[in-house]
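Following: one structure in structure tokens, then a few remarks.
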There are 2 protein chains.
Amino acid sequence: MPLKLLLIEDDPLLASTLTETLTVENQRVERIADGGEALDRLSFDHDYDLILLDLNLPNRSGLEVLEALRSRDRQTPVLILTARAAIEDRVKGLDLGADDYLAKPFALDELEARVRALLRRRQNDPSEPLMLGSLSFDRQRQHFTLNDTALSLPPREHRLLACLIHYAGEPVDKARLLDEAFAGEAVGDNAIEVYVHRLRRRLAASDVRLRTVRGIGYLLEVE
Amino acid sequence: MPLKLLLIEDDPLLASTLTETLTVENQRVERIADGGEALDRLSFDHDYDLILLDLNLPNRSGLEVLEALRSRDRQTPVLILTARAAIEDRVKGLDLGADDYLAKPFALDELEARVRALLRRRQNDPSEPLMLGSLSFDRQRQHFTLNDTALSLPPREHRLLACLIHYAGEPVDKARLLDEAFAGEAVGDNAIEVYVHRLRRRLAASDVRLRTVRGIGYLLEVE
DNA sequence: CACCAACCTTACAGTTCCGTAAGGTAGAAC
DNA sequence: GTTCTACCTTACGGAACTGTAAGGTTGGTG
């Protein structure tokens with residue numbers, strides 16, 4: 001899933017440099033140079049992963065844009081990027097709902113690192129589903145989807161698979177499974193083997209494999 | 001619920017200034033001056049709301065502390081607070097999993113604003129449980145607790161109660177229940193009445209009531 | 001090879017869950 | 001009051017879930 005960034009910046013030179021830099025690391029960067037236009041756009045599109053916001057804009061100030069955005073959407077991370085370096089500006093920006101504040105001039109490396117830090121949050125944000133091949137897991141609703149159809153599981157198998165997909169790609173040992181998936185539920189050792197067996201049956205028709213790592217435990221992966 | 005901050009900083013003067021400043025805005029600030037001790041503490045306590053981390057520490061470097069923390073817990077926000085201002089240090093800190101990086105010397109006002117920005121995230125984050133009297137619901141783990149003991153429910157009752165506590169205090173009509181709790185699961189009308197009955201039995205010994213609103217639906221409330 | 005431990009597979013029985021059916025109760029309208 | 005409808009309660013059989021047991025496989029080790 002390509003990440004979608006919005007850059008609100010009126011300086012054409014800086015904007016093109018940033019667009020170029022960020023496009024390499026991430027995916028799509030849209031750019032808007034005008035405050036009023038930014039307001040319009042944000043009232044339609046709610047699905048940006050990150051907004052980079054300059055404060056000195058034609059038509060509307062960046063702070064106005066931020067305030068309007070936050071009145072509707074307090075989710076999307078905003079990084080303010082501006083020549084205004086005074087402490088009071090920073091405090092104001094952050095308190096209006098920005099997540100970070102970087103004063104110009106700045107090093108591109110630092111901007112990239114801060115962007116990564118903000119986007120990283122999304123990763124372990126439970127509203128983003130975990131994906132593994134054709135299997136996906138909505139952590140919010142605790143709901144699996146396989147090949148685009150709902151996959152409903154009995155409680156025990158559900159917990160087991162949820163734990164495994166959480167550590168997708170790396171082996172999870174039985175002790176950890178007992179601890180995290182079945183905390184205090186007196187599940188025997190052999191019982192897990194049976195759950196695994198049943199899960200394998202269900203996943204057979206997909207591209208997801210539940211491999212056993214002898215002596216360690218189990219590991220969920222794409223074949 | 002008082003917020004709990006951890007300050008890892010060896011300079012006593014700065015530490016006491018920060019403790020004083022932050023205690024006013026928030027609640028409890030614990031302070032550790034030593035890198036090794038920080039590692040120990042963090043392997044026990046996982047429930048800090050924010051960690052302020054200096055990089056130059058006796059015994060273990062702040063980056064080591066950060067790395068060890070992130071190998072177990074990628075949730076707790078970390079703000080690095082250090083005299084090392086070089087860009088490469090910043091990039092390194094942020095890429096190791098820090099959420100923000102503030103170079104000394106800094107203005108207290110800016111620190112406070114950045115701390116607020118980091119803590120603000122927590123607010124509308126589903127890791128905060130829903131509470132209703134002695135019943136609480138951990139949205140992350142989809143897990144109920146009643147009178148401080150785990151309340152495990154069969155799937156159907158679980159979904160019903162989860163939906164009701166989401167709208168705690170206001171009536172939820174059956175159509176909505178069918179739609180949100182049992183989406184596309186062909187649950188009869190009378191079946192819901194039976195679930196309600198069974199849930200009432202379980203909640204009987206608590207201060208939570210599942211009231212019926214005649215002609216509308218059901219409503220969860222504290223008696 | 002022989003042996004052992006870890007793991008797989010299948011079957012089965014105990015338990016829990018589920019939802020319909022059948023009869024009872026309560027509130028509202030007339 | 002009667003009547004109607006919404007809701008409650010209980011019981012029961014079928015379905016699904018769960019975990020042990022028993023025997024089969026596999027991979028590693030001497």
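So that the names make sense, note that chain A is the first sequence line, chain B the second, and so on, each numbered from 1.
- Note: CZ (B/Arg201) to P (C/dT16) measures 13 Å, nearest angstrom.
- Between B/Leu132 and B/Leu220 the shortest side-chain heavy-atom distance falls below 4.5 Å.
- When rounded to the nearest whole Å, the span between CZ of B/Arg200 and P of D/dT10 equals 12 Å.
- Taking every side-chain heavy atom of B/Pro155 into account, C/dC17 is the closest of C/dC8, C/dC17, D/dT9.
- Judged by the 6.0 Å distance and 45° axis criteria, A/Arg28 is not positioned over the aromatic ring of A/Tyr48.
- Evaluation of atom-type donor-acceptor distances gives no pair under 3.5 Å for the side chain of B/Arg198 against the base of D/dT10.
- If you check C/dC18, D/dT20, C/dT20 against the side chain of B/Asn190, the one that comes closest is C/dT20.
- Side chain of A/Ala191, nearest nucleotide from D/dT20, D/dT18, D/dC7: D/dT20.
- Distance from the side chain of B/Thr212 is smallest for D/dC7 among the nucleotides C/dA21, D/dT26, D/dC7.
- Note on B/Tyr218: every side-chain N or O is 4.0 Å or more away from OP1 and OP2 of D/dA6.
- Regarding contacts with the backbone of D/dA6, every side-chain N or O of B/Lys174 stays at 4.0 angstrom or more from both OP1 and OP2.
- Residue-level contact check: B/Arg214 touches the bases, meaning some heavy atom is under 4.0 Å from a base atom.
- A/Asp99 and B/Arg121 are joined by a salt bridge, as a carboxylate oxygen and a charged side-chain nitrogen come within less than 4.0 angstrom of each other.
- C/dG27 atom C1' lies 14 Å from atom CZ of B/Arg211, rounded to whole Å.
- Judged by the 6.0 Å distance and 45° axis criteria, B/Arg200 is not positioned over the aromatic ring of B/Tyr218.
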